[in-house]
Each structure stands twice: as structure tokens, then as C-alpha cells.
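Below is one structure; the comments refer to it alone.
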Amino acid sequence: MMEGTAGVSGRRVADESVLDDPDTFAEQDPGGMLRFTASAGAQVRESASLAAEANLALLEDGGRPRAVVIAGIGTAGRTGDVLATVAGPRCPVPVIAHRSAGVPGWVGAADVVIAVSASGRSPEALGAAEAAHRRGARLVAVGAPDSQLQSVAERARAPFIPVPRRAPARASLWALTVPVLLAARTLGLVKVNEADLAETAARLDADADRCRPTAESFVNPAKSLALGLAGSIPIVWGSSPLATVAARRFGDTLSANARYPVVTGALGEAGRGRVGLLDGVFGGLVESARDIFADPGEVEGDPTRLRLVLLRDGGLNAEDDTDEPLAVEERRADAVQTLAERRGVRCDVVTAEGGSALERLASLVAVPDFASVYLALAHGLDPMAVPAITEMKELSNQ
């Protein structure tokens, strides 16, 4: 165990045995990040109920907006990406995720601003809500009850959807996302019905059961993925816009929970340049010298290597004329898997399941979310406590 002066502790090399000893999790995960991650299905159900109680009908008064801006940072900002991909290419208005303070200069009375903050006090969400109110834009606020954000919404006489702070923001993706989707449904921008929400919650519950701490590594897809990534530089690419949102989400949790550097993005874009990483000093160049019979990390001084994670959508986009044809997406995904194989770069594939866009997204997010926590635990890291975040806030607020 190595400890730094700033409270940093952990193991440089992952300990596989830890993941098959659930009795140690209470000690290594004192904040309960595994438990919070397993609550995703419950988050969908609770947030849907809370959104139903909010007065979202107020949004209908102004008709269809010119544009919708989702304002927030971190996980709250990621909800805007989810809305954009679930709404799809046929969405009648632009959906824009805004991660800076305030709102874009063009926002006015014809637009809708959805301000999102798990704590209800992030400067980005508060600034956006205040600016929307000043400019006469319709406002919806999503966040912790009895917070500053609720106060701004009340002053603006805008709908507020209270989301109880039951987990850290990064483990609250679904609690924050569902109210955003239901506000957009009220505006006529997405077709998310109660069955979609129920099936998504059930999918998240089923994946939480598959990834439970008592399931051993050889049957637990999240533990297997975590051990495959251990000691590597992960590259996570999504085969479609929906899968790309999941890829970026995995990058968020790998960085925050397991403290791993990670490259994420769209596979189509990667094919224009970043696919060259497979040829580089962490890819084909190092793999060409590897003993094919040795396990990763088995040789002392074993160099760091790339590990590719490919999230494949398999999309239900036949009726979306403006979507890229499914055959093109599939050929591109097959091609990158072949490239990785030729260069000796190991590749994990997670394939979407489910009927609706929301359920397919959930199927691509759930296992990677758990994997990021298990990877942290294998390295002896507390996934909840990130000293650098605390110090960053202290230094920035001086």
C-alpha cells in the first residue's frame, strides 16, 4: 500500500483476489458506491414518479420551443447528451448540452432551459436558471429539494422536479436523466412512454443482479471487464451516437472512480485519426514484442498497453432516414475489431439489448458503471473519496 501526503492511497497493481472476497468490500467501499450503482433501476422509478407530480404542464403554454438547452456540469451535463440521442435525428428542435455558466447568448423567450444539478447548488445550473429567468425563456429545474436551485425556480414560477440526494452525482445519472426526458416529452420532443421506463428500470435491475458483489469474476461481466482493463490505457469507442454517449459515460466513471486515464469517443470519428492509436507505442509497437503465452502483468516490468472497449449499438434505426445505415455501423465495428486483433490489442465488446433507445442505452451503461467501481476496489482505492477533487475545490475557492 502506498500513501501520499494528500491522503492518496492504493495499489499500483490490481489485486484480482479482492474482487472475489465480498467481505472486504465494506472496508474498501465505506461510502457504498457499489450499493449506489445498484440503485439505478430504483432511480428510474422514483424520478418518474417525482416528475409526474411536478407541474410540467406549464411548459405546454408556449408551444414548441425554438431550442432546448440542458445546463449542468459533470453527470448533470451528461443528461443533455442522453436527451439528444434518445430524441434522435428526427427531433424537431435543436437539443444542446451547455456546460458553462449562464446560457448561450442567443437564448430568449422562444427557448426552453432545463437546469440540472444533483446538489441544487452548482454554479453552472444556478447561473443558467437565473439567466433563463432574466431573458424570459421557459425554465425547468431538476435537483435536490430545498436547494438554491429550487429557490430560483420558485422565483421564476417554473416547474421544479425534486430529486433527493441519495447518492453522489456520478452515481445519480438515472435520477437526473428521467426528469429531463419527461420534461422533453411534455414539449413533444421525445417518445418515452411508461413501458419504456419500466423496461429500462427492469434492465438496470437485471444487470445489477448480474454484477452483484457475490457473483464471482468468471460469471460477473463487470468484474471480468474490470480485470481486463487493469493496468491498461483504456480506449472506449461507441459504434453509434447512442453507444458514444455510453462510451463517454464510461470514461467519466473510469476517471472518477478508478482514476484511470481514458480515451473515449465515436467510432466513426476515431476512424478519421484516433484509430491510429492501435499502431502506436502503447498498441501494436509494444504488442509485437509480447509473449503470446504470458498473461498481462505477468512479466516484471511489463509495459502499459492499450485495451479497447467497443460498445456496439446494433441500433433500431431502420425508420430514421437521416441515421447512418445500420450496415455501415456494423461494418465499421467489425473492422476495428479486426484491426485490434491484427495488432494484438485486446478488445472487450459490450452489445446493446432492448427495444427502446433508453433501454439500449441502459444496457450499455450498467455493466461499465459497475466495472469502474470494481477496478477501483482491485487497486485498493475508495471509489467514493477522491482527494484531488476536494483539494481542487479548496484551491479554486480560496
Side-chain angles (χ1 to χ4, degrees), residues 36 39-60 65 68-87 91 95-99 112-122 124-126 128-129 132 137-154 156-198 200-201 204 245 249 356-359 361-362 365:
F36 292 137
S39 74
Q43 291 178 30
V44 171
R45 286 183 283 267
E46 181 181 38
S47 287
S49 176
L50 292 169
E53 296 171 3
N55 191 13
L56 290 176
L58 289 173
L59 292 174
E60 297 175 337
V68 175
V69 175
I70 300 87
I73 196 74
T75 302
R78 195 64 70 202
T79 65
D81 300 331
V82 174
L83 173 57
T85 193
V86 171
C91 184
V95 175
I96 299 160
H98 184 71
R99 293 177 168 85
V112 169
V113 174
I114 305 177
V116 187
S117 169
S119 66
R121 59 175 186 270
S122 81
E124 293 79 13
L126 289 172
R138 279 175 284 171
L139 172 67
V140 185
V142 179
D146 302 318
S147 62
Q148 293 168 272
L149 187 57
Q150 180 171 359
S151 297
V152 175
E154 289 173 350
R157 297 183 180 179
F160 177 78
I161 303 173
V163 177
R165 189 80 185 272
R166 306 196 190 284
R170 63 181 179 276
S172 303
L173 175 68
W174 298 101
L176 298 173
T177 293
V178 170
V180 171
L181 291 173
L182 294 182
R185 183 180 72 176
T186 303
L187 293 166
L189 307 185
V190 291
K191 297 177 181 178
V192 175
N193 57 39
E194 275 58 41
D196 294 336
L197 293 172
T200 298
L204 290 166
V245 172
R249 162 67 179 179
S356 68
L358 191 62
E359 185 183 355
L361 179 66
V365 167

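Only a predicted model underlies this, so the values are computations on that prediction, with no experimental measurement involved.
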Is it true that a side-chain atom of [X] and a backbone atom of [Y] form a donor plus acceptor pair closer than 3.5 Å?
{"X": "T85", "Y": "D81", "answer": "no"}
{"X": "R165", "Y": "A144", "answer": "no"}
{"X": "S39", "Y": "F36", "answer": "yes"}
{"X": "Q43", "Y": "A171", "answer": "yes"}

Just do the side-chain contact (heavy atoms from CB on, under 4.5 Å) check on L358 and W174 with the steps written out, would you? CA-CA 11 Å; L358 191 62; W174 298 101; 3.8 Å; yes
Which atom pair, heavy atoms only, marks the closest approach of L50 to P164?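 Between these two residues, the closest heavy atoms are CD1-CD, 3.5 Å.
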Side-chain heavy-atom pair [X], [Y] within 4.5 angstrom cut-off:
{"X": "L197", "Y": "L182", "result": "yes"}
{"X": "V163", "Y": "S172", "result": "no"}
{"X": "D196", "Y": "N193", "result": "yes"}

Sequence-distant partners of E53, salt bridge (Lys or Arg N to Asp or Glu O under 4.0 Å), two or more places apart: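 Scan of E53 (salt bridge (Lys or Arg N to Asp or Glu O under 4.0 Å), adjacent residues dropped) gives none.
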For E124, which residues count as a salt bridge (Lys or Arg N to Asp or Glu O under 4.0 Å) partner, sequence neighbours excluded?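 With sequence neighbours excluded, E124 shows a salt bridge (Lys or Arg N to Asp or Glu O under 4.0 Å) to no residue whatsoever.
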Please name the residue in the list L189, V192, V95 that meets the side-chain contact (heavy atoms from CB on, under 4.5 Å) test with L83.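 Testing L83 for a side-chain contact (heavy atoms from CB on, under 4.5 Å) against L189, V192, V95 leaves exactly one candidate, V95.
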Identified side-chain contact (heavy atoms from CB on, under 4.5 Å) counterpart of V180 within the set T79, I161, V68: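 Of the listed residues T79, I161, V68, the side-chain contact (heavy atoms from CB on, under 4.5 Å) partner of V180 is T79.
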Evaluate the side-chain contact (heavy atoms from CB on, under 4.5 Å) criterion for residues R138 and L187: first the C-alpha distance (whole Å), next the side-chain angles of each, then the deciding distance (0.1 Å), finally the verdict. CA-CA 11 Å; R138 279 175 284 171; L187 293 166; 3.9 Å; yes
side-chain contact (heavy atoms from CB on, under 4.5 Å) between Q150 and S147, intermediate numbers included: CA-CA 5 Å; Q150 180 171 359; S147 62; 4.1 Å; yes
